[in-house]
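Note sheet for the following structure.
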Amino acid sequence: MCGIVGYIGKRAGAPIVLDGLQALEYRGYDSAGLVTINATGATLTKQVGRVAGLTAAVEPQAQPDHLAIGHTRWATHGVPSMFNAHPHTNTAKTIFVVHNGIIENYVQLRDRLQALGYQFVSETDTEVIPHLIDYYSQRLPSFTAALKAALADLRGAYAIAVITTIRPTTLYAARLSSPLVIGVGDGEHYLASDPAAIMEHTKQVLYLDDYDLATITADKISVHNLKRDKPIEHTVELLDFDNEQAQLGDYAHFMLKEIHEAPATIRSATLGRSLAAKNIVKLGGLESVVAQLKYIDRIVIVACGTSYYAGLVGEYLIEELAGIPVEVHLASEFKYRHEPFSRSTALLAISQSGETADTIAALKKVEDYGVLRLGIVNAVGSTIARMTDAGVYCHAGPEQAVASTKAFIAQVTVLIQIALHLSNGRTKLFKPLLKELDDLPAKAQIVLDQAETIKKIAAKYKDYRDFLFIGRQYNFPCALEGALKLKEVSYIHAEGYAAGEMKHGPLAMIDKDFPSFALATNSFLLDKTYSNIEEIRARKGPVVAIATVGNKHIADLADDVIYLPETLEQTQPILTAIAMQLFSYYIALARGHNVDRPRNLAKSVTVE
Ligand code: AGP
């Protein structure tokens with residue numbers, strides 16, 4: 001979604017803010033803007049397109065600007081244009097605002113302000129904010145009071161940064177349901193919607209909470225919580241990843257880099273947790289709720305996209321290993337369900353970014369239910385991580401490509417460990433799975449070493465317009481995830497289906513122009529999957545199969561086969577996912593797409 005970067009301190013703010021916006025480019029956007037304030041006043045620059053264009057348009061300042069805010073916009077209201085790009089300003093051009101989120105009551109506010117004579121120049125919801133502040137600043141004793149009054153009028157979700165020529169030595173920041181982090185420097189402070197934008201300057205950060213209003217000068221940060229109406233002291237935290245991790249290295253794309261990080265991702269997600277030698281699983285993030293977990297007799301998983309498919313794998317895992325009933329809901333649907341909850345139900349939110357609005361809304365929905373709220377999150381300190389009672393971090397490091405790859409690997413690895421933890425050792429698979437988790441990074445590398453083979457197979461299928469992914473049991477959620485991966489980076493229509501459903505409809509689509517991706521790894525259901533492949537072949541449907549090395553039969557059935565190392569059914573999704581991620585990556589590449597930033601998509605969907 002949109003990106004926010006701010007700076008106040010002893011250095012020039014424009015270069016720092018522009019570099020920060022550049023670091024957020026991976027999140028997807030369509031326009032960008034920057035405003036700086038120095039002794040002579042404010043300078044506002046906007047561009048449609050990339051940050052590089054904005055950088056080129058920013059005029060060098062005669063006087064150093066020590067105060068600046070910038071924004072990259074992913075359109076929610078109004079088309080990408082100069083008028084709709086942020087920062088937005090009041091008519092007098094003394095107040096400047098950048099905003100992430102959605103002001104749900106902006107129409108009413110706009111009508112009210114226009115009736116008072118305010119002129120609007122954009123189609124955005126954001127523009128009501130500077131005019132509101134202007135209105136109150138003419139009626140209240142201080143700028144801060146005016147800002148508080150304006151925020152009180154807003155409904156919806158916001159992360160905003162505000163600077164004004166009225167207070168040229170102060171940066172204001174406020175958040176409600178959209179992330180904001182303050183970077184702590186020496187005689188300078190930073191503001192960002194994502195730590196990646198400021199981590200080259202500082203790793204000391206503090207995260208704003210909902211209803212926080214921060215007043216930031218070069219030397220001081222004061223936070224006031226508007227809901228509790230009192231000052232708040234936030235603890236300064238240390239970012240747990242650094243710049244080079246977030247950089248591309250010698251990979252062509254972040255997506256490829258992050259796929260190849262799978263072995264390291266599995267190791268990071270099990271490090272200090274899955275201890276085969278001691279035959280224990282140690283999840284520090286759940287220690288505080290161990291007593292409550294004993295009474296949990298139902299788990300409701302909520303997530304979106306790839307995280308939702310990881311949740312579906314989790315359903316099979318927890319039910320098989322721990323014997324606890326699980327249901328998985330799309331967060332965007334869960335919000336409106338009339339789901340019965342008891343105190344022995346736990347909600348488990350899964351999210352890479354920890355900022356997905358629908359998943360946040362699902363957590364908010366159960367806030368008053370008194371149920372245990374757990375999280376599996378990658379972004380440390382993110383909103384979802386801080387909303388849950390306990391959770392297990394993925395420790396996969398920053399995932400920059402829009403298509404989620406290593407996060408899925410990490411999420412499933414964590415879910416296996418949570419399922420084992422919940423089993424209390426009562427499953428016969430406890431020891432074998434701990435051992436398999438130890439061996440899995442090497443097996444993942446074996447899959448990655450087939451990249452060239454997979455690339456060749458992908459080249460054969462790059463021009464098809466449709467693709468069906470089929471799988472059974474643990475491979476069914478994998479089929480869904482494989483279809484999502486292909487569609488979101490190649491734009492090919494792809495859908496995942498339970499293989500057993502072929503006769504109930506999908507078979508009607510199959511002909512020589514409609515290939516299928518069959519997940520046919522070793523399992524007690526393999527013969528049934530063979531039958532599904534036969535059904536497809538009888539209709540001349542091309543078949544790419546994923547199978548277990550040593551399978552002598554599959555080559556007679558499928559046009560192309562990707563062989564994976566032998567593994568347990570419960571860890572199979574991890575190896576299968578890596579192969580499908582590579583397949584999708586190479587097809588998208590062959591189709592000439594921007595694989596890291598697919599059209600119409602953003603990395604973190606922070607609006608509902
Ligand atoms: C997956 O490749 C997509 N980028 C998208 O479906 C993503 O998984 C979804 O938006 C959820 O994001 P989250 O894990 O950060 O909550």
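One-based numbering, in listed order, for ligands and for the atoms of each.
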- Message: Considering non-hydrogen atoms of the protein only, which is the closest contact for atom 2 (O) of ligand 1, and what is the distance?
- Response: Glu488 OE2, 2.3 Å

- Task: Would you check the N or O atoms of Gln411, main chain and side chain alike, for any that come under 3.5 Å of an N or O of ligand 1?
- Result: no

- Query: Are side-chain N/O atoms of Ser31 and Asn84 paired as donor and acceptor at under 3.5 Å?
  - Reply: no

- Under 3.5 Å, is there a donor-acceptor pair between the Ser307 and Gln411 side chains? yes

- The atoms of ligand 1 lying under 4.0 Å from a heavy atom of Ser404, numbered in the order shown, are 1 (C), 2 (O)

- Query: Less than 6.0 Å separating the ring centroids of His260 and Tyr251?
  - Reply: yes

- Considering only non-hydrogen protein atoms, determine which one is nearest to atom 14 (O) of ligand 1 and report residue, atom name and distance to 0.1 Å. Ser307 OG, 2.6 Å

- Query: Do Phe517 and Phe583 have ring centroids that are under 6.0 Å from one another?
  - Reply: yes

- Item | Ser604 touching ligand 1 at heavy-atom level, < 4.0 angstrom | no

- Task: Would you check if the distance from the ring center of His201 to the ring center of Tyr190 is below 6.0 Å?
- Result: yes

- What is the nearest protein non-hydrogen atom to atom 7 (C) of ligand 1, stated with its residue, atom name and distance? Thr306 N, 4.1 Å

- Query: Nearest to atom 10 (O) of ligand 1, what protein heavy atom do you find, and at what distance?
  - Reply: Val605 CG2, 4.1 Å

- So which pairs with a foot in residues 330-341 pass salt bridge (charged side-chain N to carboxylate O under 4.0 Å, His left out), sequence neighbours left out? Arg298-Glu339, Lys335-Asp358, Lys335-Glu608, Arg337-Glu339

- Query: Is any N or O atom of Ser353, backbone or side chain, closer than 3.5 Å to an N or O atom of ligand 1?
  - Reply: yes

Taking only distance into account, with no hydrogens and no angle test, what donor-acceptor pairs under 3.5 Å do side-chain atoms of residues 585-592 form with protein atoms, sequence neighbours excluded?
{"unit_1": "Tyr585", "atom_1": "OH", "unit_2": "His253", "atom_2": "ND1", "d": "2.7"}
{"unit_1": "Arg591", "atom_1": "NE", "unit_2": "Ser490", "atom_2": "O", "d": "3.0"}
{"unit_1": "Arg591", "atom_1": "NH1", "unit_2": "Lys462", "atom_2": "O", "d": "2.5"}

- Message: Could you identify the single nearest non-hydrogen protein atom to atom 9 (C) of ligand 1 and state the distance to 0.1 Å?
- Response: Cys304 O, 3.8 Å

- Nearest-contact summary for atom 12 (O) of ligand 1 - protein heavy atom, Å: Thr356 OG1, 3.5 Å

- Worked verdict on Tyr491 versus His593 for ring pair (Phe, Tyr, Trp, His ring centres under 6.0 Å): CA-CA 9 Å; Tyr491 316 154; His593 292 172; 4.0 Å; yes

- Task: Please report which non-hydrogen protein atom sits nearest to atom 6 (O) of ligand 1, along with the residue it belongs to and the distance in Å to one decimal place.
- Result: Gly305 CA, 3.2 Å

- Query: Does ligand 1 have an atom that lies less than 4.0 angstrom from a heavy atom of Lys485?
  - Reply: yes

- Report the nearest protein non-hydrogen atom to atom 4 (N) of ligand 1: residue, atom name, distance rounded to 0.1 Å. Val402 O, 2.7 Å

- Query: So, Ser604 and Ser353: side-chain donor and acceptor under 3.5 Å apart, yes or no?
  - Reply: yes

- Query: What atoms of ligand 1 come closer than 4.0 angstrom to any heavy atom of Ala403?
  - Reply: 2 (O)

